[in-house]
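All remarks here apply to the structure that follows.
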Amino acid sequence: MKHRKTAGILSFVLCLAMILTACSGKNDNGSNSSNAPSTEPNETNAATTEKAAPAVDPFGKYDPPITITAAKIVGANVKFKEGEDLQNNVWSKLYADTLGVTVDYAWTTPDLPSYEQKMNLTIASGELPDVFTVTANMLNQLVEAGLVEDLTAAIDQYAAPITKEILKAAGKQPLQSATFDGKVYGFPATGSAADIAPVLYVRTDWLKKLNLPEPKTMADLLAISDAFTNQDPDGNGKKDTYGLALTKDSVHDTNVAGLQGFMNGYHAYLDIWINDASGKLVFGGIQPEVKQALAQLQQMYKTGQIDKEFGTKDAGKVGEDLNRIGMQFGRMWNPGWPLQGQVTSNPGMEWTPYPIPSIDDKPALAATFFPVNSYLVVRKGFEHPELAVKMMNLYYEKNFGPTADPATYNKTPEGVETLQYAIMMAEPPTKNYDAHIKVVDALKSGDTSKLNAEELGYVNEIKQFNEGDINKWAANKIFGPGGSQSVLGQYITGKLTQPDEFYGAPTPTMAQRKSSLDTLMEETFAKIIMGGASIDEFDKYVENWKKLGGDAITQEVNDWYSSK
Amino acid sequence: MNRTKLKLEMPLHLLLLPGLLFVIVFNYIPMLGIVMAFQKFIPARGFFDSDWAGLDNFRYVFSMPNIGQVIWNTVFIATMKIIAGLIVPISIALLLNELIHEKFKRWVQTLIYLPHFLSWVILGGILLDLLSPNDGIVNQFIKGIGMEPIYFLGDNKWFPITIILSDQWKEMGFSTIVYLAALTSINPSLYEAAKLDGANRIRQTWHITMPGIRPIIILMLTLSLGQALNAGFDQIFNLYSPSVYESGDILDTLVYRLGLVDAQYAVATAVGLFKSIVSFCLISVSYWMAYRFANYRIF
């Protein structure tokens with residue numbers, strides 16, 4: 001009995017010791033992280049006062065050189081030259097030689113979901129890299145937790161002329177989206193909104209064969225879809241072709257065979273916020289125009305113009321099916337993938353990009369999303385917050401500035417995309433469209449002296465295509481005359497885009513509810529199109545959407561709208 | 001207990017220690033993470049600085065539009081899987097047991113065992129092609145006998161059935177082996193005695209084989225009842241699509257979308273905790289029932 005008691009006490013003490021050590025370990029971490037911010041302001045103050053003295057140089061070199069840690073996404077498509085890697089390449093040399101900075105990547109991941117997971121873990125462990133890229137959502141969380149440095153002064157003082165020019169061209173929205181309480185916490189990766197707009201691709205060899213006109217209106221499109229399905233455009237005597245391509249992710253994924261473009265033809269806009277008649281912001285995905293378009297799609301599914309199986313096929317599988325589907329709404333880069341593969345293996349196949357046709361006499365507006373999807377941020381307490389701006393200065397300068405050298409820093413003549421090695425990629429807002437204009441001019445005049453290496457690359461590829469190299473078909477269809485960029489040009493010059501009017505960080509209810517609302521939308525739309533639910537299910541969906549957080553989100557979005 | 005006995009058993013207790021530590025470190029300490037379910041958890045702040053939210057996360061979960069449907073799907077698919085997981089392997093084991101040709105028996109055993117080693121990522125792709133309503137081999141057959149093709153993976157009526165059957169197709173070989181092992185432990189003299197008494201094959205099966213493997217059946221059932229809310233994440237995740245969320249979305253896929261896709265860790269933890277509590281109750285009940293009706297005890 002006595003021994004049992006001692007054993008009991010012993011085990012109790014052991015347990016206690018374990019719990020205590022476990023707790024104390026965590027307390028240490030806790031106190032570290034809570035101490036850290038309190039010591040930082042002094043340091044940063046000291047740093048800024050020190051730096052205020054010498055003249056500000058947007059490309060100034062650190063002496064002695066510094067080493068920083070960083071994190072970024074390195075996709076599977078990133079290739080390195082022989083003997084080079086992420087830590088040793090043209091960009092790392094440029095950073096070291098010009099800025100005196102050695103970039104040491106603490107970690108990288110191949111795609112965004114894994115990057116977000118890893119970053120969330122890193123945030124929890126309190127070991128943030130010095131400089132890293134984040135999404136709007138992550139930026140929001142980091143600012144809320146006070147873990148990133150204010151970049152307002154750094155951007156003001158250190159932005160190079162080319163950087164200022166590009167930020168100005170991008171409008172005030174990109175910087176505003178990174179602004180919290182009047183302070184800018186992230187450098188936005190500028191990009192082109194038009195490049196995200198849906199484009200209609202049509203099998204023009206089928207059009208010619210069936211003697212059909214080009215799709216100018218939605219009525220044309222519907223007639224073409226019907227003909228592509230029923231008049232045996234591939235001439236094999238079997239009814240195995242479809243008019244319109246959709247994927248199981250069509251509702252939210254506009255990359256390949258998306259729903260967005262079709263909706264835009266009906267003046268309906270999925271997934272974005274638009275102005276209603278009273279000047280308030282409303283969610284595009286619940287407007288009555290959507291119902292009209294869905295009813296049409298339901299009809300098309302029923303009459304076999306849409307693959308019966310689209311509900312279980314992802315973009316990759318539908319890409320393989322594009323030899324028997326005649327139309328799809330995608331992005332400007334679709335000729336590169338999946339169309340190039342189809343064109344190469346199916347002689348005679350031809351796809352042509354068109355702007356979105358309209359259901360009535362009002363022109364259709366192409367829905368565009370806010371083009372900034374990543375930000376360069378600096379860990380709170382890092383001594384050189386201006387480094388992020390300097391790195392972006394270098395990026396813009398070496399790609400688009402007066403001393404640009406794209407053959408080294410963007411894409412080598414061998415086709416290695418060296419720009420992927422930079423800490424963050426960004427573009428002037430109309431870079432691709434400008435390239436298209438210059439490429440078409442150069443092809444006409446034969447004068448290639450004004451082109452940069454990237455544009456020259458397109459011209460050469462298009463020349464090779466004109467000489468019969470079918471593998472260069474995509475370059476011609478994107479940047480050549482009548483290419484997808486010319487369609488985007490029509491959007492830009494005709495102001496035929498409907499931008500997302502909401503570009504702030506996700507609101508609280510949005511962060512919590514958006515995914516279930518998105519799921520509700522996907523499910524309802526899929527069921528309606530496939531005939532599993534009647535079109536009136538749409539009204540129930542709108543009601544549910546509002547009830548399950550949609551009304552709250554609308555309120556928050558409008559609060560944000562009126563506050564800016 | 002006296003001192004010498006304790007001394008004698010000390011090495012045994014020490015041997016137990018690493019295993020115990022392992023369980024404590026990897027199974028019990030992570031349980032502290034359950035606090036997330038009651039917090040407005042922000043990863044950057046950690047457990048200690050996140051605000052308390054009381055039962056808000058649970059309220060949120062149960063206010064989600066599809067939660068009732070999701071729970072029903074989970075229970076339905078899991079229950080059907082448990083039932084099918086009893087009937088199919090036992091039948092196959094009994095049938096195999098009757099085979100005289102040893103080589104053929106081994107062949108069948110190996111063949112039905114093989115799918116168990118393939119992951120659902122691979123099988124998902126294969127099933128998608130096999131079950132395609134346009135050109136899948138299954139629907140070619142269905143069309144061949146003059147019926148309308150069935151969209152197995154896109155039709156809410158068929159999706160759960162497809163899930164249950166394909167799960168059996170993959171797993172039946174594994175469970176069959178367990179029952180076959182149990183069958184070999186039955187004393188052959190019982191069969192001889194029954195034969196002498198004039199019992200035919202079916203009577204022998206009913207009166208000797210079934211009682212013989214009853215403990216194993218009850219053990220397998222007891223163990224599987226704890227799985228009553230596990231409808232099989234990898235399988236469903238690889239086969240479902242928005243059009244069958246209605247009949248195919250289960251708690252685990254919901255947790256996946258909430259926790260890993262949207263980083264709503266607190267809500268995902270709340271769902272997980274709910275699932276664990278229900279499973280714990282079910283295991284307790286089934287354990288009690290196994291003791292009460294079959295006199296079977298683990299502890």
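This is a predicted model, so every value here is computed, not measured. In what follows, chains carry the letters A, B, and so on, assigned in the order in which the sequence lines appear, proteins first and then strands, with residues in each chain numbered from 1.
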A:D253: partners by side chain to side chain donor-acceptor pair (under 3.5 Å), with sequence neighbours left out: A:N255
Counting C-beta onward and ignoring hydrogens, is there a side-chain heavy-atom pair between [X] and [Y] closer than 4.5 Å?
X: A:N140; Y: A:F180; value: yes
X: B:N66; Y: B:M64; value: yes
X: A:T135; Y: A:L139; value: no
X: A:L294; Y: A:F525; value: yes

Distance flag, aromatic centroids of B:F58 and B:F38, threshold under 6.0 Å: yes
Ring centroid separation B:Y256 to B:F233 under 6.0 Å: yes
Winner by heavy-atom pair count (cut-off under 4.5 Å) against chain A, out of B:P149, B:G154, B:S63, B:P133: B:P133
Neighbours of chain B found in residues 311-321 of chain A - heavy atoms under 4.5 Å: A:G311, A:T312, A:K317
Measuring heavy-atom distances to chain A, does [X] have an atom under 4.5 Å in its side chain, in its backbone, in both, or in neither?
X: B:D129; answer: side chain
X: B:Y240; answer: backbone
X: B:Y245; answer: both

Under 3.5 Å side-chain donor-acceptor pair for B:N230 and B:K275: yes
Aromatic A:F310 / basic A:K248 pairing, under 6.0 angstrom, 45° off normal: no
Aromatic A:W107 / basic A:K118 pairing, under 6.0 angstrom, 45° off normal: yes
Pick from A:K547, A:Q117, A:E116 with the largest number of heavy-atom pairs that fall under 4.5 Å of chain B: A:Q117
Chain B interface, residue from A:E309, A:K527, A:E523 that has the most non-hydrogen pairs under 4.5 Å: A:E309
Inter-chain contacts: residues 246-254 of chain B against chain A, heavy atoms under 4.5 Å: B:E246
Interchain contact, A:A511 with chain B, by part (heavy-atom threshold 4.5 Å): backbone
B:D56 bridged to B:R59 by N-O distance under 4.0 Å: yes
Residue pairs fulfilling salt bridge (charged side-chain N to carboxylate O under 4.0 Å, His left out) with at least one residue in residues 68-78 of chain B, sequence neighbours excluded: none
A:K546 atom NZ, neighbour heavy-atom count above 12 within 6.0 Å: no
